[in-house]
There are 4 protein chains.
Amino acid sequence: MTITAEQGHRGGRPRSERADKAIIEATLDLLAAEGGVDAVSIEAVAARAGVGKTTIYRRWPGKESLIVDALAAIKAPPPEPAGESVRDDLIAQLDAKRMDMADPRIGCLFWTVQSSAEKYPELARQYAERLVEPRRDKIRQVLRRGAESGELRADLDVETALMLLGGALHNRNRAPAENLPEDYVARVVDMFLLGAYVR
Amino acid sequence: MTITAEQGHRGGRPRSERADKAIIEATLDLLAAEGGVDAVSIEAVAARAGVGKTTIYRRWPGKESLIVDALAAIKAPPPEPAGESVRDDLIAQLDAKRMDMADPRIGCLFWTVQSSAEKYPELARQYAERLVEPRRDKIRQVLRRGAESGELRADLDVETALMLLGGALHNRNRAPAENLPEDYVARVVDMFLLGAYVR
Amino acid sequence: MTITAEQGHRGGRPRSERADKAIIEATLDLLAAEGGVDAVSIEAVAARAGVGKTTIYRRWPGKESLIVDALAAIKAPPPEPAGESVRDDLIAQLDAKRMDMADPRIGCLFWTVQSSAEKYPELARQYAERLVEPRRDKIRQVLRRGAESGELRADLDVETALMLLGGALHNRNRAPAENLPEDYVARVVDMFLLGAYVR
Amino acid sequence: MTITAEQGHRGGRPRSERADKAIIEATLDLLAAEGGVDAVSIEAVAARAGVGKTTIYRRWPGKESLIVDALAAIKAPPPEPAGESVRDDLIAQLDAKRMDMADPRIGCLFWTVQSSAEKYPELARQYAERLVEPRRDKIRQVLRRGAESGELRADLDVETALMLLGGALHNRNRAPAENLPEDYVARVVDMFLLGAYVR
DNA sequence: CAATAATCGAGACGGTACGTCGCGTCTTGGG
DNA sequence: CCCAAGACGCGACGTACCGTCTCGATTATTG
C-alpha cells in the first residue's frame, strides 16, 4: 500500500520515522474528527503533522493509500478460534467483523476502498491482502476443522460458505450508522448451518 | 433524488426536456469512459451536454444524485419470479444481480454510493429505496411463497436470509473486474437451502 | 499586457471591476512593502485583494505582466516640452526619467522586464510600447524640432541620439539605491550637445 | 563571488577540481539551453553535473553568484587600446561590448543581474567590480589619453562620457534578440565626439 | 600507520509558490 | 421563469525548487 522503501537505502538521508508516525497519527485524528474521510486532505494532514506535503507524497501516492495504511495501524487482530464449537467460533469471528464495521473510522474504509478499486486496483489488492484476507483465513480454518471433525458436512465448499457468511455483514441497505442488532450474527450463523429447506 | 418539479408550473418558461436528456446522456458517457465515477464532474457533464451548470443544479443538488438518476435510467428491471421452484426463482433473481454487478457502469456505483454514505446519507437512502429495495422485494416474495408452500421451513427469518443471499454477491475480495463464475449463484443458493450441518 | 477582454462579452457574467482594482491595489501594496518584486506572489496578491487565485490567472498570465500593469496604473505621464530651448526640454524629459528610475517601485521594474524579456518577449514588447516608447517619443519631438529650427545640426541622427541620451540613465554600475546627483542630467545633456572634440 | 577556499587547507579531503569544472560546465549548458536563466536551478545543475547539491552550496551561496562565476569563466577579456586614434579605440572597445551583449549567454546576464540587484546587492556589486569595471577602465584610459593628447577637450568629464557611451549599448527598447547593426557603434562614437549642436 | 577531518554522492527534510481543477453560487443578456 | 455562458471565492491538488540536514563512503594530511 505504502511506497515506503523497506530495502536498505544506498545513499542519502534515511526516511524519518518521526515523520512516518506523525503523518499516520494526523491522518487518524482527522479521520476520527467530524467530517470523516472527506476531512482527510493531504494539506490538512501535512499541517497537523508538522510536515511538508512532499514528505507525504514521497511515501504515498495519494490520500487513499495513506488512509488504508493508517487504518492498518489501528485495526485489531482477529480473535483466535477456540476450537470447541464451530458455531461459537463463527460467531466470534463474525462479531469481531461486525464491531469493526460499526466503527466509523474503520467501517467506512471498506466501502471507500471498494469504490476506488477501479481507479486504484493495487490499493484494493493490498487492502484485501493485508486487512481482509487474514480475517477470512480464520474463518476458513474454522470451517475446515468443522468439516474434518464431522460437525459440518465433509464436502463443504469452503469458499462459497465464506462468501455467504462474510457477505451478510456487508449487505448494507441503509446508512452505515444504522448498526446491526447484537443477535444478528447468531441468526446468520444458525441459518447458514441449518439451511432454509425443511429438515 | 432529482429535484425536477413534476407539479404543473405556474408561470415562466418550462424546463427543457432536451436538456434533461442531454445531461443524463452525458453523465452515462462519462461514467462509461475510462476514469469511472471520478471522471463525472458537473463541469464536464455541463460541457459535454452543451448546457449551463445552472441548468444541472436547478435539477439535482449535486453529482451523486445525478449519477444515481442516470443509473436508474439504464438499470434493467428485475425479472418476474416464475413461481414454480424456489431454487430456480432465487437463481434467476441473483443472476440478474450478478450481471448488474459485472457491468462496470452499474457495479461500481454500488460501492461508490456506500463509500459516500457517510457524507451523503440521503443519497445512500435514495439509492437503497429506488434501486436496491425493489430487487430485494422480489427475493422476499420468493422466500415468503416458499415458506407458505412448505418448500422452505415455515419459520424462516426472511430478512436474515436476504442478507445471506444478497451479501454473497457483494463480498468482493478482489478487483471488481474479476467476475464471478457462472455457476457461482447456483452454489450459493444450494448452500443456503441445504445448510452446512450434516443432514 | 493584460489578458482582460475588452471586446464586448457575448455571454456569461462580466468581469468584476472591483476585483480588477483590488488586485492592482494589492500588487502595488506588496511592491511598495519591504521585499520588493520578490514579495509579489500571486498567492499573496490574491489573499490581500480578497480574491481567488483563479480570478488573477483569468486576467494575467503570470506575475510579471501583472506587475507591469500595476506599474502602468501609477506611472506619471511624461512632461510636455515647452518648446523654447532644446537644452531645457531635454533636461526636463530626462529629469522626469531620472526621478522615475529613482523610485524603487518603478525603477526596478525596468530591469525586471528586461531580464525576463527572453522568457516573456510579449511582456517586454508591451512594456516598451506602453511605458517606454511614449516617453522616447517626447524626446524625439524635441530633437526633431531642434533640427528644424537650426538649433541642432540638420542631419542629426535622431535614433542614435535617443540611445545616447536614454542610455546614460540606464548605465548603472552600482546598486540601484545609489541615486544619481541632481546636476547629472544637465552634464549629460551638455556633453551630448557640445561633443567631446575640441571646438 | 565564489566561496572557494584558496588558502592551503590544514586537514581533510581537498575540494575536487572535477566537481568545480563539472558545475561550471553544467551551469553554462543550462544557461545556453532553451529557457535561459530560469532554467538554471541548483537542483538541475547538481543533477547535470553529477554532483550533490551540498557540493554546490559549499562553494557558492546561491544560484546568482554561481551564474556570475560561470559567466566570468567564458567572457573574453577586453581588447587592448592601440593608442593611435581615440575614435578607433572607442569603437574597438564598444564593439567588443556590443558583441558580448549579442551573445544570449552573456547579454541576458547583464539584465538579470540588474533586476535582482534589489534582492542581492552583493551580486550586483561583484558583477560590476569583476566584469563591468575592468571594461569601463579601458574606456577611461582611452578618454584620458585623448584629453591629454589634445585630441579631446582638456576639461572632459570622463565619468559622464562613460555613461553616455556605455549606456548607448544598454538602451534596449525591443527584445534582446534584435541585435544592433554593425555600424551602430561608429555612429554612436561620432555623435559623442562631434556633439549635436551645429559647429 | 592509524586517527582525524573535510569532502563526496545521494537524497530526505520543512517550506513556499506555482498553475490547474472542480466545487457550488452569482450575474449577465436573451428567449 | 428558464436558458447558455461564464466569472466569482474557495479549497485542494500534485510539482518544482529552495536551502538545510543527515547518511555512509572516500581521500589527504597530520600526530
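Note: hydrogens, waters and symmetry copies are ignored here, and every other heavy atom, side chains too, is used. Please read these numbers as outputs of a predicted model, since none were measured by experiment. All chains are named by letter (A, B, ...) in the order of the sequence lines, taking the proteins before the strands, and each is independently numbered beginning at 1.
Take the nearest nucleotide of DNA chain F for A44(A) and for A39(D): the residue whose nucleotide is more 5' is A44(A). Of the two residues near DNA chain E, V51(D) and K63(B), the one whose nearest nucleotide lies more 5' is V51(D). Nearest-nucleotide assignment on DNA chain F puts the 5′-proximal partner with A19(C), out of P14(A) and A19(C). Each of A49(D) and G62(B) was assigned the nucleotide of DNA chain E with the nearest heavy atom; the assignment lying further toward the 5' end belongs to A49(D).
Rounded to whole Å, the distance from CD1 on I42(D) to P on dG11(E) is 18 Å. At whole-Å resolution of the value, CG in L30(A) and P in dA12(F) are 11 Å apart. Distance R18(A) CZ to dC21(F) P: 15 Å, rounded to the nearest Å. Atom CG in D20(A) sits roughly 12 Å away from atom P in dA12(E) (whole-Å rounding). What separates CD of E17(B) from P of dC2(F) is a distance of 15 Å, to the nearest Å. Residue R48(A) contributes atom CZ, which lies 14 Å from atom P of dA12(F) at whole-angstrom precision. When the C1' atom of dA5(E) is taken as reference, atom CZ of R58(D) falls 12 Å away, rounded to whole Å. Atom pair L66(D):CG and dC17(F):P shows a separation of 15 Å (rounding to whole Å applied).
Contact of the R48(D) side chain with the E25(D) side chain is not registered, since no non-hydrogen atoms from C-beta on lie closer than 4.5 Å. The side-chain heavy atoms of V68(A) and E64(A), taken from C-beta on, include no pair separated by under 4.5 Å.
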message: Test side chain to side chain contact (heavy atoms under 4.5 Å, CB included) on L71(C) and L31(C); report intermediate values, then the result.
response: CA-CA 10 Å; L71(C) 259 302; L31(C) 216 43; 3.5 Å; yes
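For R59(C) and D20(C), the salt-bridge test passes: some basic side-chain N is under 4.0 Å from an acidic carboxylate O. Between D38(B) and K63(B) there is no salt bridge, since none of the side-chain N atoms of the basic residue sits less than 4.0 Å from a carboxylate O of the acidic one.
If you check dA12(E), dA28(F), dC17(F) against the side chain of K53(D), the one that comes closest is dA12(E). The side chain of E43(B) approaches dC23(E) more closely than any other nucleotide in the set dC23(E), dG19(F), dC13(E). For R13(A), the listed nucleotide lying nearest its side chain is dC21(F); candidates were dA12(F), dG19(F), dC21(F). Proximity note for S41(D) (side chain, C-beta onward) versus dC13(E), dC23(E), dC17(F): the nearest is dC17(F). With distances taken from any side-chain atom of R59(A) to the nucleotides dA7(F), dT28(E), dA12(E), the minimum falls on dA12(E).
Within 4.0 Å of G50(B), counting heavy atoms only, lie sugar-phosphate atoms of the nucleic acid but no base atom.
For R15(A), no side-chain nitrogen or oxygen approaches OP1 or OP2 of dG11(E) to under 4.0 Å. Taking side-chain N and O atoms only, T55(A) has a distance below 4.0 Å to OP1 or OP2 of dG14(E).
Residue T54(D) places no side-chain atom within donor-acceptor reach of the base of dG9(E), judged by atom type and a 3.5 Å distance cut-off alone.
A donor-acceptor pair is defined here as one N or O able to donate and one able to accept, closer than 3.5 Å; such a pair exists between the side chain of T27(C) and the backbone of I23(C).
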